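Not measured: the values here are computed from a predicted model. By convention in this document, chain letters (A, B, ...) are assigned in the order of the sequence lines, proteins followed by strands, and residues within each chain are numbered from 1.
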Amino acid sequence: MGSWRRTHTCGELRLENVGETVTLNGWVQNYRDYGGLVFIDLRDRYGKTQIVFDSAIDPAMHELARSLRSEFVVSATGKVKDRGEAKNPKLATGDIEIKATSLTLLNKSEPPPFEIGTEDEPASEEIRLRYRFLDLRRPKMQRIIMLRHQIVTAMREYLNSQRFCEIETPILGRSTPEGARDFLVPSRMHPGSWYALPQSPQLLKQILMVAGYDRYYQLARCFRDEDLRSNRQPEFTQLDIEMAFVEAEDVMNTIEGLTCHVVEKVVGREVKRPFVHIDYDDAMEKYAVDRPDLRFGLEIVDITELGHQTEFSVFKNAPCVRAINAKGAAEKFSRKNLDDITAFVMEQGAKGLAWMKVEADKLQSPISKFFSDSQQTTLRQKLNAEPGDLLFFVADKREATHGPLNALRNKLGKDLELYDPNELHFSWVVKFPMFEWNEEDKRYYAAHHPFTSPLDEDWDLMEKTPDKARAKAYDLVLNGEECGGGTIRLHQFERQMKIFELIGLDKEEQEKRFGFFLEALKFGAPPHGGIAFGIDRWVMKLAGVESIRETMAFPKTQRGQDLMMGAPSEVDTKQLRELGFDTVPVKKGSS
RNA sequence: GGGGAUGUAGCUCAAUUGGUUAGAGCACUGGACUGUCGAUCCAGAGGUUGCGGGUUCGAGCCCCGUCAUCCUCGCCA
């Protein structure tokens, strides 16, 4: 007795507890001072409970209660009471209240810069990030952070049940250029040498396969020193998975099982299996993107040939003309809407946007006069156009049409409400190209990474037309966003060397960068492959938030700063000297 | 590196074509009140309009620069 320590949380007391003497701890969410009577809403992670302080019971306690303010930390003891007529249906604990007999002030609080209890965003993101300890105290943020916890818990549950084992790999590793920019850490003991933070544990997990840990996973922190976006942070978390003695379908099956388990466990919804498979080439052709949102149709149709026959010089001269038929949308777009959407598509890099409203007897458009009657008929057939439809056209080099068309298609899908925003549509995009030609460097680059195996039947293409070769690669796509990607790896030394050659990595470079890895391949590397998921993006989707920063406890701003702790920061000269630095890099603009 | 949006009280926002003493809600301080639950009522305090420069009789508003936050292109094998 006399302890301030809680007997219950602020979310659990119900009518059946009436009569019990309990102690609650928590933060003061709100106070209503009635003079002789004070009401407090006490909040913790689990909920809110109303506590009443009556001057008739203990004047000293009541006086103390009157001094409580937002976010004071208190312990209150009293009897659970039925609220009778005064129930609050908005509160899970609203049928009861605590009639306090004692109150302990555990800590005071300065008035918070924003309200903790509201569901709406209470302040600008800048203020929220600076006072992240308060922001994270908000029920809304606590729900997301807990959801994240449940997601990783469910992932571990499933993988553990499938004989996977969790193995940690180092944060301090070595730089292997190519790919994203590395974060570097200077070595004190080896002045002039640097560790690199991992962009992913790729090579180490492959080495774990060589070592015989045939089913590995890790919630791996990854680092990439590139510019930030609403879905990109310089450090993020991947669920990293690798399996030995498998082909692509084994990995995909496992991941489908994992995905279903997580979604069912966390949001209580069933996901249809098997997931749709779509070839990379088809995805690019029909949706102009390698991660199409398949919740809706709006397939893209290539009308280059027809375009060349018309008198419309833009179409006539463009290497590629592609169209989208927005079914039944003609009436929904005014001239002003069409101007807006044109501007939108041009922001995405299009040179322009042509449109036609389909009517029974004609195609209403500034450009239909350039189409002969028979061309118009062909166009209607190709696009399956019916009266009331709205056709959009983008003309450019084929690669240049992808971005604008994808953006247009996604915008139309959203604006025309062609899908249920709550649907979770998972699909696999497979058969990615092995290589991409880089015109600047006059060489091929690995499209995924250089440890990827080509399709068995495509080895023959490797010498003459490597750009036609396809990879044993698979991306997991959820509602138009890539949420995981993986490949079957090259496990034979000779074949790995072959691929390195093709991307122009000479023996010396191979040895220098990947010597340790090539060495491992010589000692009985089993066939293996794996996948990695962006955990943060999963949380975004399952929590329904638009920013990756909402899914992390302590995210960085777009300029890579932590506004709470003030990172990055300058350091003592002494620290720098120990690391072998004589001078400090000069701040931009201060020379 | 490029393009765009925003920056006014602790917080969220307002302030006519450039015009006199920059307002409101919430929060805060003091007071009243024994059944509220976004309590209510009375009174009060609170501002380097991000920062620096310029134009002007006069700048929160116009111009130049700069900083910060966000969105986006490049970038992210």
_From CG of A:Asp33 over to C1' of B:C37, roughly how many Å is that when rounded to an integer?_
14 Å
_The single option from A:Phe432, A:Trp428, A:Tyr287 passing ring-ring contact (aromatic ring centres under 6.0 Å, His included) against A:Tyr280_ = A:Phe432
_Salt bridge or not between A:Asp95 and A:Arg83? Use side-chain N to carboxylate O under 4.0 Å._
no
*Hey, does the side-chain of A:Lys81 have a donor or acceptor N/O within less than 3.5 Å of a partner on the base of B:G35?*
yes
*According to a strict under-4.0 Å criterion, is A:Ser230 in side-chain N/O contact with OP1 or OP2 of B:U72?*
yes
*Within the pair A:Arg559 and B:A68, is there a side-chain N or O less than 4.0 Å away from OP1 or OP2?*
yes
*Which is true for A:Thr118 with a 4.0 Å heavy-atom rule: it touches a base, it touches only sugar-phosphate, or it touches nothing?*
nothing
*asked:* Please name the nucleotide paired to B:U16 by Watson-Crick or G-U wobble geometry with both distances under 3.5 Å, or report none.
replied: none
*asked:* Does B:C28 have its OP1 or OP2 closer than 4.0 Å to a side-chain nitrogen or oxygen of A:Tyr31?
replied: yes
*Candidates B:U34, B:C70, B:C76 - which lies nearest the side chain of A:Ala180*: B:C76
*asked:* With rounding to the closest Å, how many angstrom separate the P atoms on B:G44 and B:G7?
replied: 31 Å
_What contact category does A:Ala447 fall into here, base, sugar-phosphate, or nothing, at under 4.0 angstrom with non-hydrogen atoms?_
sugar-phosphate
*asked:* Any strand counts, and the cut-off is 3.5 Å on both contacts for Watson-Crick or G-U wobble. Which nucleotide pairs with B:U21?
replied: none
_From CZ of A:Phe344 over to P of B:A5, roughly how many Å is that when rounded to an integer?_
17 Å
*Side chain of A:Arg83: nearest nucleotide among B:C71, B:C33, B:G35?*
B:G35
*To the nearest Å, give me how far apart CD1 (A:Ile98) and P (B:C37) are.*
20 Å
*Say you pick atom P in B:U8 and the same atom in B:G3; how far apart are they, in whole Å?*
24 Å
*What is the distance from CD1 of A:Ile127 to C1' of B:U6, rounded to the nearest Å?*
14 Å
*Quickly work out the A:Leu68 CG to B:U29 P distance and round it to whole Å.*
12 Å
*Counting side-chain heavy atoms from CB outward, which of B:U69, B:C37, B:G30 is closest to A:Asp41?*
B:C37
*With C1' as the reference atom in both, quote the distance from B:G47 to B:G65 in angstrom, rounded to an integer.*
25 Å
*Quick one: which of B:C33, B:C28, B:C37 gets closest to the side chain of A:Tyr34?*
B:C33
_Check: A:Arg232 side chain, B:C76 base, donor-acceptor under 3.5 Å_ = yes
*Any chance you could lay out the salt bridge (charged side-chain N to carboxylate O under 4.0 Å, His left out) test for A:Arg224 and A:Asp182, step after step, and finish with the verdict?*
CA-CA 6 Å; A:Arg224 293 176 190 177; A:Asp182 282 322; over 6 Å; no
_Taking B:A43 as the reference, what is the distance to B:C64 when you measure between their P atoms (whole Å, please)?_
47 Å
*Any chance the rings of A:Phe72 and A:Tyr31 have centres within less than 6.0 Å?*
no
*Give a yes/no answer on whether the side chain of A:Ser124 brings an N or O atom under 4.0 Å of OP1 or OP2 in B:U69.*
no
*Quick one: is A:Gln29 getting a side-chain N or O under 4.0 Å of the B:G38 phosphate, OP1 or OP2?*
no
_Nearest to the A:Glu97 side chain among B:G35, B:G38, B:A77, which nucleotide is it?_
B:G35
*Once you round to the nearest 0.5 Å, how far does NE2 of A:His448 lie from NZ of A:Lys472?*
14.5 Å
_Rounded C1' spacing from B:G2 to B:G60 in Å_ = 30 Å
*For A:Glu226 and B:G74, give me the distance from atom CD to atom C1', rounded to whole Å.*
10 Å
*asked:* Before you tell me yes or no, could you show the steps for A:Glu242 and A:Arg489 under salt bridge (charged side-chain N to carboxylate O under 4.0 Å, His left out), namely the whole-Å CA-CA distance, both residues' side-chain angles and the distance that decides it to 0.1 Å?
replied: CA-CA 10 Å; A:Glu242 195 77 4; A:Arg489 331 294 184 188; 2.6 Å; yes
_Watson-Crick/G-U partner (both atom distances under 3.5 Å) of B:A45_ = none
*asked:* When you measure from the centre of the six-membered ring of A:Trp194, is the NZ or CZ of A:Arg174 closer than 6.0 Å and no more than 45° off the axis?
replied: no
*Find the distance A:Glu399:CD to B:C73:C1' and express it as a whole number of Å.*
18 Å
*If only side-chain N and O atoms of A:Lys87 are considered, is one of them under 4.0 Å from the OP1 or OP2 phosphate oxygen of B:G35?*
no
*Is there a side-chain polar atom (N or O) of A:Gln50 under 4.0 Å from OP1 or OP2 of B:U36?*
no
_Side-chain N or O of A:Arg229 closer than 4.0 Å to phosphate OP1/OP2 of B:C73_ = yes
*B:U72, B:U69, B:U12: which one has an atom nearest the side-chain heavy atoms of A:Ala123?*
B:U12
*Should the pair A:Lys87-A:Glu97 be classified as a salt bridge under the 4.0 Å nitrogen-to-oxygen rule?*
no
*Both distances under 3.5 Å, Watson-Crick or G-U wobble: report the partner of B:G52, or none.*
B:C64
*asked:* Can you work out whether A:Asn231 or A:Val52 has the more 5'-proximal nearest nucleotide on RNA chain B?
replied: A:Val52
*Select base, sugar-phosphate, or nothing to describe what A:Arg66 touches, counting heavy atoms under 4.0 Å on all strands.*
base
_Pairing check on B:G58: which nucleotide meets the Watson-Crick or G-U wobble criteria with it, both distances under 3.5 Å?_
none
*How long is the line joining CD of A:Gln206 and C1' of B:A77, in whole Å?*
14 Å
*Remember a base hit wins even if backbone is also touched, and classify A:Ala446 as base, sugar-phosphate or nothing at under 4.0 Å, heavy atoms.*
sugar-phosphate
*Between B:G35, B:C37, B:U69, which nucleotide gets closest to the side-chain atoms of A:Leu563?*
B:U69
*Expressed as a whole number of Å, how far does the P atom of B:C57 sit from that of B:A22?*
23 Å
*Are any side-chain N or O atoms of A:Gln510 and backbone N or O atoms of A:Phe500, one a donor and one an acceptor, separated by less than 3.5 Å?*
no
_Under 5.5 Å and under 30°: A:Phe39 stacked on B:U36_ = yes
*Would you indicate what A:Lys48 reaches in the nucleic acid, counting non-hydrogen atoms under 4.0 angstrom: base, sugar-phosphate, or nothing?*
nothing
*Under 6.0 Å from the NZ atom of A:Lys541, do we count more than 12 heavy atoms belonging to anything else shown?*
yes
*asked:* Give me the distance, rounded to whole Å, that separates B:G4 from B:A77 when you measure between the C1' atoms they each carry.
replied: 30 Å
*Is B:U36 paired to anything, Watson-Crick or G-U wobble with both distances less than 3.5 Å, and if yes, which nucleotide?*
none
_Distance, C1' atom - from B:A5 to B:G50, rounded to whole angstrom_ = 16 Å
*Of the nucleotides B:U69, B:G38, B:U36, which one has an atom closest to the side chain of A:Gln561?*
B:U69
*Report the nucleotide, chosen from B:C71, B:U36, B:G38, that has the shortest atom-to-atom distance to any side-chain atom of A:Lys90.*
B:G38
_Quick check for you: among B:G30, B:C76, B:C11, whose closest atom lies nearest to any side-chain atom of A:Arg69?_
B:G30
